[in-house]
Chemist: 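Here's a structure for you.
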Amino acid sequence: MANVAVIGTQWGDEGKGKVVDLYSASTDVIARFQGGNNAGHTIVVNGQQTILHLIPSGILHDRKICIIGNGVVVDPKILIQEIELLKNRGIFPPHTKLFISENAHVIMPYHRRIDVARESHKSGKKIGTTGRGIGPAYEDKTARVGIRICDLIDDEMFKEKLEQNIEEKNFYLTKCFGEEPMDPASIYKEYSGYAEYLKAYIADTSLIIHGALKEGKKILFEGAQGSHLDVDHGTYPYVTSSNTVAGNASCGTGIGPSAVHQVIGICKAYTTRVGEGPFISELTDETGNRIREIGREFGATTGRPRRCGWIDVVLVKQSVRLSGITGIALTKLDVLTGLKTIKICTAYETPQGRKFTESIPSNLRILSQCQPIYEQMEGWSENISHVRHIKELPQNTRRYLKKLESFIGQKFVLVSVGPGRDETIVLKDPFAG
Ligand code: GDP
Ligand code: IMO
Ligand code: MG
């Protein structure tokens, strides 16, 4: 019996929500370990779409424990909206429990204001953030001035920390960006209301997970973003502000690394990226537009069009190494149907002939000179969305899968052929160990 971490192997939006929802049926606890409401995880069940930003993607299953871990940054307003939305739609299961770590940090209104102000003042060097205050909230956490969930629900502590923070933030907002200052009294009033609402959900979630482990229950760790948005290992500075690799499943929930047994890397059959930053296999032509339209590649959080390109195995191989991935879930294979030829980026090359096959260069100047080296394959035209057994896939589709497995050096544990929970070819159960 294994505990499983699910992470993205590219630049996010690989289909983590779909896979976590699917795997939640075989698990007891589902825990988000990093990121915040920059994430948008989509689940489609019986044609009904749910997009989650903070609540773990196991929430649609009854009798589960869903945890927002200490590594997450929580915007209380968004979280309350999400809880209310699920309740109003009658899809918050009666016996499923949601807990928020008391150690998680709170995204405050000044974090959002700073995020947006910085982006709008950067000419040409924008990161293209989601504008949700993620970076500034993690900065405060590291600077040891952040407000944690346990501080938010302690009236005295909250008031004190808010006052200390607002003075500095107002100085920064007004002097650096010429913005209007923020009013601590109205923030205090608004956020005290959120604290009251959320009190019932707050707990020592590390203890809850430990208790579940002792009882032999299974834990599913849900990552957000993707490996190449990791603050240490991604295409810095075009990254998010947390560690997105599997190692953080442990730190971001308060359990030891030995409790994570399997790591499933979610990988799209092509590549997308939202926001700025290098993207070697990007397609800026008709094929890229076609993939965007058919794959509905528009952000689940901001609605921005996602940049699209061919699959890049250099990226994916690096993610396998960084997270100790034990199996790959390949998603959105159906989107490639109808393309005459399909390309796989197998290496990068500089004009001087330097080749990169295992790892992408950290130096962005070198990376910007890199050109993709492609292997080209014949596509397929048959509809594959109804296929549930690998053998029923067209020959060229199977060839594509075999090629990818051999390039990446990993077996597929599932192949997703549509957004629906059931539109999946299951090859291996990661919970079996
Ligand atoms: P996440 O952030 O990794 O959870 O991914 P998103 O939810 O942001 O984006 C993935 C999108 O692809 C969502 O709209 C999913 O419903 C959709 N999706 C997931 N798997 C498949 C698939 O196999 N085929 C198709 N066509 N869509 C899929
Ligand atoms: P999920 O979990 C795709 C990107 C933003 C931007 C960069 C930094 O749905 O896969 P941030 O607001 O985090 O400071 O923005 O990271 N980004 C994502 N891209 N999917 C996500 O999440 C993302 N979360 C952040 O577009 O380029
Ligand atoms: Mg997403």
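For reference, positions follow the sequence shown, starting with 1. Numbering of ligands and ligand atoms starts at 1, following listing order.
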Chemist: With respect to Asp230, which candidate in Ile7, Val245, Val239 satisfies the side chain to side chain contact (heavy atoms under 4.5 Å, CB included) definition?
Modeler: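 Passing option: Val245.
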Chemist: Tell me: protein heavy atom nearest atom 27 (O) of ligand 2, and distance?
Modeler: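 Sorting protein heavy atoms by distance from atom 27 (O) of ligand 2 puts Val274 O, 3.0 Å first.
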Chemist: Polar contacts were defined as any N/O atom of the residue lying under 3.5 Å from an N/O atom of the ligand; does this apply to Asp13 and ligand 1?
Modeler: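 Such a contact does occur with ligand 1.
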Chemist: Tell me yes or no: between the side chains of Thr326 and Gln262, is some donor less than 3.5 Å from an acceptor?
Modeler: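 Side chains of Thr326 and Gln262: pair found under 3.5 Å.
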Chemist: Of the protein's non-hydrogen atoms, which lies at the shortest distance from atom 2 (O) of ligand 1, and what is that distance?
Modeler: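 Ranking protein heavy atoms by distance from atom 2 (O) of ligand 1, first comes Gly40 O, 2.9 Å.
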Chemist: Looking at Lys402 and Glu405, is any side-chain nitrogen of the basic one under 4.0 Å from a carboxylate oxygen of the acidic one?
Modeler: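 Result for this pair is yes, salt bridge flagged.
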Chemist: Is the CD atom of Glu167 crowded by more than 12 outside heavy atoms at less than 6.0 Å?
Modeler: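 Atom CD in Glu167 is not packed in, count stays at 12 or less.
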Chemist: Has the side chain of His111 got a donor or acceptor atom that lies under 3.5 Å from a matching backbone atom of Gly135?
Modeler: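 No, because the side chain of His111 does not come within donor-acceptor range (under 3.5 Å) of the backbone of Gly135.
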Chemist: Name the closest protein heavy atom to atom 7 (O) of ligand 1, giving the residue it belongs to and the distance to 0.1 Å.
Modeler: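 Going atom by atom, the protein heavy atom closest to atom 7 (O) of ligand 1 ends up being Thr42 OG1, 2.6 Å.
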Chemist: Which protein non-hydrogen atom lies closest to atom 18 (C) of ligand 2, naming both residue and atom, and how far is it?
Modeler: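 Heavy-atom neighbour on the protein nearest atom 18 (C) of ligand 2: Leu229 CD1, 3.6 Å.
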Chemist: Among the heavy atoms of Arg306, does any lie under 4.0 Å from an atom of ligand 1?
Modeler: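 Judged by the 4.0 Å heavy-atom criterion, Arg306 does count as contacting ligand 1.
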Chemist: Record the part of Tyr238 in heavy-atom contact with ligand 2 below 4.0 Å; permitted values are side chain, backbone, both and neither.
Modeler: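 Neither part.
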Chemist: Check each atom of ligand 2 against the heavy atoms of Ala224 and keep those under 4.0 Å away; list them by number with element.
Modeler: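 The atoms of ligand 2 under 4.0 Å from a heavy atom of Ala224 are 2 (O).
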Chemist: Closest non-hydrogen protein atom to atom 6 (C) of ligand 2, residue and atom name please, with distance?
Modeler: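 It is Gly128 O, 3.1 Å.
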Chemist: Quick check on contacts: which atoms of ligand 2 are under 4.0 angstrom from a heavy atom of Gly275?
Modeler: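 Taking each heavy atom of Gly275 in turn, ligand 2 has 27 (O) under 4.0 Å.
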Chemist: Provide the number and element of each atom of ligand 1 under 4.0 Å from a heavy atom of Lys18.
Modeler: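 So the atoms of ligand 1 that pass are 20 (N).
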Chemist: Judging by distance only, is a nitrogen or oxygen of Thr240 under 3.5 angstrom from one on ligand 2?
Modeler: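 So ligand 2 has an N or O lying under 3.5 Å from an N or O of Thr240.
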Chemist: Test: salt bridge (charged side-chain N to carboxylate O under 4.0 Å, His left out). Region: residues 305-332. Which pairs qualify, not counting sequence neighbours?
Modeler: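 Listed once each, the pairs are Asp13-Arg306, Glu282-Arg307, Glu297-Arg306, Glu297-Lys332, Lys317-Glu358.
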Chemist: For atom 7 (C) of ligand 2, which protein heavy atom lies nearest, and how many Å away is it?
Modeler: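 Result: Val239 O, 3.9 Å.
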Chemist: Within a distance under 4.0 Å of any heavy atom of His41, pick out the atoms of ligand 1 and give their elements.
Modeler: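 Going through ligand 1 atom by atom, the ones under 4.0 Å from His41 are 1 (P), 2 (O), 4 (O), 7 (O).
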Chemist: What atoms in ligand 1 come closer than 4.0 Å to a heavy atom of Val335?
Modeler: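 What qualifies from ligand 1 is 26 (N).
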Chemist: Counting each atom of ligand 1 from 1 as listed, which ones have a heavy atom of Ser416 under 4.0 Å away?
Modeler: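 Contacts of ligand 1 toward Ser416, numbered from 1: 20 (N), 21 (C), 22 (C), 23 (O).
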Chemist: Measure the distance from atom 23 (C) of ligand 2 to every protein heavy atom, then report the residue, atom name and distance (to 0.1 Å) of the closest one.
Modeler: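 For atom 23 (C) of ligand 2, the nearest protein heavy atom is Gln225 CG, 3.6 Å.
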Chemist: Is a side-chain donor or acceptor of Asp62 paired with a backbone partner of His95 at a separation under 3.5 angstrom?
Modeler: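 Checked: pair present.
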Chemist: Please set out all donor-acceptor pairs under 3.5 angstrom arising from side-chain atoms of residues 360-367, sequence neighbours excluded.
Modeler:
residue: Asn363; atom: OD1; partner: Arg365; partner atom: N; Å: 2.8
residue: Asn363; atom: OD1; partner: Ile366; partner atom: N; Å: 3.2

Chemist: Specify the protein heavy atom at minimum distance from atom 15 (O) of ligand 2: its residue, its atom name, and the distance to 0.1 Å.
Modeler: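 Of the protein heavy atoms, Thr129 CA, 3.3 Å lies nearest.
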Chemist: With no hydrogens and no angle check, just 3.5 Å: does a side-chain donor-acceptor pair link Arg132 and Thr130?
Modeler: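 Per modelled atom types, Arg132 and Thr130 side chains form no pair under 3.5 Å.
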Chemist: To check your reading of the model: name the closest protein heavy atom to atom 4 (O) of ligand 1, its residue, and the distance in Å.
Modeler: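 Answer for atom 4 (O) of ligand 1: Gly17 N, 2.8 Å.
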Chemist: Would the distance check show the side chain of Ser227 and the main-chain N or O of Gly8 forming a donor-acceptor pair, the cut-off being under 3.5 Å?
Modeler: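 Yes, Ser227 side chain to Gly8 backbone: donor-acceptor pair under 3.5 Å.
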Chemist: Return the closest protein heavy atom for atom 24 (N) of ligand 1 as residue, atom name and distance.
Modeler: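 Protein heavy atom at minimum distance: Asp334 OD1, 2.8 Å.
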Chemist: With a 6.0 Å cut-off on ring centres, are Tyr197 and Tyr194 close enough?
Modeler: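 No.
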Chemist: If you draw a sphere of radius 2.8 Å around the Mg ion (ligand 3), how many protein N/O/S atoms end up strictly inside it?
Modeler: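 Those protein atoms number 2 in total.
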Chemist: Between Gln225 and Thr240, do the side chains contain an N or O donor and an N or O acceptor separated by less than 3.5 Å?
Modeler: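 No, no side-chain donor-acceptor contact under 3.5 Å.
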Chemist: For ligand 2, is there an N or O atom under 3.5 Å from any N or O atom of Asn38?
Modeler: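 Yes: some nitrogen or oxygen of Asn38 is under 3.5 Å from one in ligand 2.
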Chemist: Under 3.5 Å, N or O to N or O, is Gly15 touching ligand 1 that way?
Modeler: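 Among all N and O atoms of Gly15, at least one is under 3.5 Å from an N or O of ligand 1.
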Chemist: Does any donor atom in the side chain of Ser242 or Asn248 lie under 3.5 Å from an acceptor atom in the other side chain?
Modeler: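 No donor-acceptor contact under 3.5 Å links the two side chains.
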Chemist: Side chains of Asn243 and Gln34 only: does a donor on one sit below 3.5 Å from an acceptor on the other?
Modeler: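 Checked: Asn243/Gln34 side chains show no N/O donor-acceptor pair below 3.5 Å.
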Chemist: Please confirm whether Arg296 comes under 4.0 Å of ligand 1, counting heavy atoms of the residue only.
Modeler: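 So Arg296 does not count as touching ligand 1.
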Chemist: Check whether any heavy atom of Gly418 sits under 4.0 Å from an atom of ligand 1.
Modeler: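 It does, in that a heavy atom of Gly418 comes within the 4.0 Å cut-off of ligand 1.
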Chemist: Is His41 touching ligand 2 with its side chain, its backbone, both, or neither, if touching means heavy atoms under 4.0 Å apart?
Modeler: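 The answer is the side chain of His41.
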Chemist: List the closest protein heavy-atom neighbour of atom 12 (O) of ligand 2: residue, atom name, distance to the nearest 0.1 Å.
Modeler: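 Looking at atom 12 (O) of ligand 2, the protein heavy atom closest to it is Thr130 OG1, 2.6 Å.
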Chemist: In this structure, are over 12 heavy atoms from other groups packed under 6.0 Å from Lys403 atom NZ?
Modeler: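 Count not over threshold, so no.
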Chemist: Tell me, which protein residue and heavy-atom name are nearest atom 3 (C) of ligand 2, and how many Å apart are they?
Modeler: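 Closest protein heavy atom to atom 3 (C) of ligand 2: Asp13 OD2, 3.2 Å.
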Chemist: Apply side chain to side chain contact (heavy atoms under 4.5 Å, CB included) to Tyr138 and Val231, showing your working.
Modeler: CA-CA 11 Å; Tyr138 276 116; Val231 67; over 6 Å; no
Chemist: For ligand 2, which is the ligand I care about here, please tell me if Gly40 has any N or O atom under 3.5 Å from one of the ligand's N or O atoms.
Modeler: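 Among all N and O atoms of Gly40, at least one is under 3.5 Å from an N or O of ligand 2.
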Chemist: When you check the side-chain N and O atoms of Thr96 and His61, is any donor under 3.5 Å from an acceptor?
Modeler: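 No - no donor-acceptor pair under 3.5 Å links their side chains.
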Chemist: Show me which atoms of ligand 2 lie under 4.0 Å from any heavy atom of Trp11.
Modeler: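 Checking each atom against Trp11, I get 3 (C), 19 (N).
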Chemist: Could you check atom 12 (O) of ligand 1 against the protein and tell me its nearest heavy-atom contact, residue, atom and distance included?
Modeler: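 So the nearest neighbour among protein heavy atoms is Lys332 NZ, 2.8 Å.
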Chemist: Ignoring angles and geometry beyond distance, decide whether Ala39 reaches within less than 3.5 Å of ligand 2 through its nitrogen or oxygen atoms.
Modeler: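 For ligand 2, there is no N or O atom that lies under 3.5 Å from one belonging to Ala39.
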Chemist: Any side-chain donor-acceptor pair under 3.5 Å between Arg296 and Thr42?
Modeler: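 Side-chain D/A pair, Arg296 to Thr42: absent.
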Chemist: If we ignore hydrogens and angles and just use 3.5 Å, is the side chain of Thr331 paired with the main-chain N or O of Glu14 as donor and acceptor?
Modeler: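 Side chain of Thr331 to backbone of Glu14, a donor-acceptor pair under 3.5 Å: yes, one is there.
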Chemist: I want to know if ligand 1 touches Val44 in the polar sense, i.e. an N/O pair below 3.5 angstrom.
Modeler: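 By distance alone, the answer is no.
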Chemist: Under the side chain to side chain donor-acceptor pair (under 3.5 Å) test, which residues partner Ser416, sequence neighbours left out?
Modeler: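 Partners of Ser416 under the side chain to side chain donor-acceptor pair (under 3.5 Å) test: Lys18.
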Chemist: Answer with side chain, backbone, both or neither: which part of Lys16 has a heavy atom less than 4.0 angstrom from an atom of ligand 2?
Modeler: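 The answer is the side chain.
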Chemist: Could you tell me whether Arg304 and ligand 2 have an N or O pair separated by under 3.5 Å?
Modeler: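 Looking only at distances, the answer is yes, because the N/O contact criterion of under 3.5 Å is met.
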Chemist: Below 3.5 angstrom, do we get any N/O pair linking Glu14 and ligand 2?
Modeler: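 So ligand 2 has no N or O lying under 3.5 Å from an N or O of Glu14.
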Chemist: Can you tell me how the ring of Tyr400 sits relative to the ring of Trp380, calling it parallel under 30°, perpendicular over 60° and tilted otherwise?
Modeler: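 Tyr400 and Trp380: tilted rings.
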Chemist: Would you confirm whether Ser323, through its side chain, and Val320, through its main-chain N or O, come within 3.5 Å as a donor-acceptor pair?
Modeler: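 No; zero donor-acceptor contacts below 3.5 Å.
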Chemist: In terms of side-chain geometry, is the basic nitrogen of Glu139 or Arg118 positioned less than 4.0 Å from the acidic oxygen of its partner?
Modeler: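 Yes, Glu139 and Arg118 are salt-bridged.
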